[in-house]
Amino acid sequence: MHSISLLEKVRVFGNSKDCIDWLNSVRVSPAIVSFLNAHAFNLSCRNPAFYSALMASEIVLRDGVGTELIMQAAALKAGVNTNGTDLIPAVLQSRPGARVAVIGTREPWLSAACARIEKFGANVVLRIDGFKDVGAYVEEVACAAPDIILLGMGMPKQEFVAVELVKRLDRHPCLILNGGAILDFLADRFPRAPKGLRRFRMEWLFRLLLEPRRLWRRYIVGGVIFSTRIVQVAWVSRSNLLAKVSGSSEIASSNPDHANSNSRGQGRGIEPGKSEAA
């Protein structure tokens, strides 16, 4: 099941600082950083090219409560929530003087986002709107030689652009951050949810109320579909676990030496499965 493989690819951190430190230590040239939320998971299940783009990322981070729930259903650790809206500004602030290429949104929001990024201490060396063809970005980014490429074009376009950039940049060391709506947030085009809603992990509801016509399908219809995927993942995970347990039992029962060694150990007061030296 491809969805399980994608969940297993998510890198888990105990806190945001550890995540930022790890990102700043990456020396893969270049390295794609993607974020997996409920919408991305749904999209990956119906779009094989998008699934492949996520799997091509050097690192996939967990974004939101939905991904936490489905990782728990898959019996995987979920770690801290590393959503891009909070993490990306922190990454930019941690690297003063970094050369940043910004691609996404449209004017005047693009310029406003770049001004905010420069206040973090970064150096914006390229800015391009997010409505060109995928190939239009590649040469300009290669000439700019940035340390960080911030893509804010939405899914799946930004992930496809990231893959093409990797092909063109070859061994140039940089981070490619797939940021979704991050540029619109940095430009204050859309406000963040109040801290109370964020604390209760209800920011999605705030965004839905702000843009119901654009987001109702993602959050309402997509939410129902995602709930069924949680059930499917839980069922597959449980089936795989039962198969492993059954397989281990069959191996043990078919190996008389193993069984005899256990019985001999028990006869001398040794716990089953432990050696005398344990």
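Not counting sequence neighbours, the partners of D86 by the salt bridge (charged side-chain N to carboxylate O under 4.0 Å, His left out) test are R192. Looking at residues two or more places apart in sequence or on another chain, you find a salt bridge (charged side-chain N to carboxylate O under 4.0 Å, His left out) between E164 and K167. Residues passing the salt bridge (charged side-chain N to carboxylate O under 4.0 Å, His left out) test with E139 are R168, sequence neighbours excluded.
The side-chain heavy atoms of E203 and N83, taken from C-beta on, include no pair separated by under 4.5 Å. Using a 4.5 Å heavy-atom cutoff, the side chains of Y137 and M153 are in contact. You'll find the side chain of L183 reaches within 4.5 Å of the side chain of V102, heavy atoms only. Using a 4.5 Å heavy-atom cutoff, the side chains of F206 and P191 are in contact. At least one side-chain heavy atom of R207 sits less than 4.5 Å from a side-chain heavy atom of L215. Contact check for I117 versus L150: side-chain heavy atoms found under the 4.5 Å cut-off. Considering only heavy atoms from C-beta on, W22 stays 4.5 Å or farther from D18 through its side chain. Under the 4.5 Å side-chain criterion, counting only non-hydrogen atoms from C-beta, S34 is not in contact with L61.
Applying the salt bridge (charged side-chain N to carboxylate O under 4.0 Å, His left out) test to pairs two or more places apart or on separate chains, those with a residue in residues 211-226 are E211-R214. Residue pairs that meet the side chain to side chain donor-acceptor pair (under 3.5 Å) test with at least one member in residues 152-162, sequence neighbours left out, do not exist here.
Both I103 and V134 sit in one connected hydrophobic cluster of ILVMFWY residues. Membership requires side-chain heavy atoms under 4.5 Å apart, directly or through other members. Clustering ILVMFWY residues whenever any of their side-chain heavy atoms sit less than 4.5 angstrom apart, transitively, puts L197 in the very cluster that holds L210. When hydrophobic clusters are built by joining Ile, Leu, Val, Met, Phe, Trp and Tyr residues whose side-chain heavy atoms come closer than 4.5 Å, directly or via intermediates, M155 is not grouped with I220. Note on W204: it does not cluster hydrophobically with L43, by side-chain heavy-atom contacts below 4.5 Å among ILVMFWY residues. In the hydrophobic cluster analysis, where Ile, Leu, Val, Met, Phe, Trp and Tyr join through side-chain heavy atoms closer than 4.5 angstrom, M55 is grouped together with V12.
Nearest heavy-atom pair, R116 versus L186, reported as atom, atom and distance to 0.1 Å: NH1-O, 3.1 Å. The two residues C174 and I148 make their nearest non-hydrogen contact at CB-N, 4.5 Å. Residues W109 and A187 come closest through the heavy atom pair O-CB, 3.3 Å. The heavy-atom pair separating F35 from L87 by the smallest distance is CE2-CD2, 4.0 Å. The minimum heavy-atom distance linking N42 with R229 is given by the pair OD1-NE, 3.0 Å. Looking at every heavy atom in both residues, L169 comes nearest to A142 through CD2-CA, 3.7 Å.
Counting heavy atoms of neighbouring residues, nucleotides and ligands inside a 6.0 Å radius, atom NZ of K77 does not exceed 12 of them. For F190, the CZ atom is densely surrounded, since the number of other residues' heavy atoms within 6.0 Å is greater than 12.
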Which donor-acceptor pairs under 3.5 Å do the side chains of residues 121-133 make with protein atoms, sequence neighbours left out?
{"from": "D129", "atom 1": "OD1", "to": "F131", "atom 2": "N", "distance (Å)": "2.8"}

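Side-chain atoms of R106 never come within 3.5 Å of backbone atoms of P108 as a donor-acceptor pair (strictly under, hydrogens ignored). Side chain of H172 to main chain of P146: a donor-acceptor pair is present (N/O by atom type, distance under 3.5 Å, no hydrogens or angles). With hydrogens and angles disregarded, no donor-acceptor distance shorter than 3.5 Å links the side chain of S237 to the backbone of V233. The main-chain N or O of D147 is never found under 3.5 Å from a side-chain atom of R99 such that the two would form a donor-acceptor pair.
Partner of L36 under the side-chain contact (heavy atoms from CB on, under 4.5 Å) criterion, out of L6, D63, T82: L6 alone.
Here the straight-line distance linking atom CG of L23 with atom CD of E58 works out to 10.0 Å at 0.5 Å rounding. Here the straight-line distance linking atom CZ of R62 with atom CG of L7 works out to 11.5 Å at 0.5 Å rounding. In this structure, CD on E68 lies 4.5 Å from CZ on R201, to the nearest 0.5 angstrom. Rounding to the nearest 0.5 Å places CZ of F120 at 10.5 Å from CD1 of I88. Distance check, rounded to the nearest 0.5 Å: CG of N178 to OG of S57 gives 6.0 Å. Within the model, atoms CZ of R95 and CG of L175 stand 5.0 Å from one another, a figure rounded to the nearest 0.5 Å.
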Yes or no on side chain to side chain contact (heavy atoms under 4.5 Å, CB included) for V141 and I149, after CA distance, side-chain angles and deciding distance? CA-CA 8 Å; V141 171; I149 303 170; 3.5 Å; yes

Evaluate the criterion side chain to side chain donor-acceptor pair (under 3.5 Å) for residue pair N37 and T67; output intermediate values, then yes/no. CA-CA 6 Å; N37 55 27; T67 315; over 6 Å; no

Given Y51 and C45, is the side chain to side chain contact (heavy atoms under 4.5 Å, CB included) satisfied, shown in steps? CA-CA 7 Å; Y51 168 82; C45 290; over 6 Å; no

Check the pair I32 / V166 against side chain to side chain contact (heavy atoms under 4.5 Å, CB included), numbers first and verdict last. CA-CA 8 Å; I32 301 174; V166 167; 3.5 Å; yes

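Relative orientation of the F41 and F226 rings is perpendicular, given thresholds of 30° and 60° on the angle between their planes.
Between the side chains of D21 and N24, no donor-acceptor pair is found at a separation under 3.5 Å. Residues S111 and E107 bring a donor and an acceptor atom of their side chains to less than 3.5 Å of each other.
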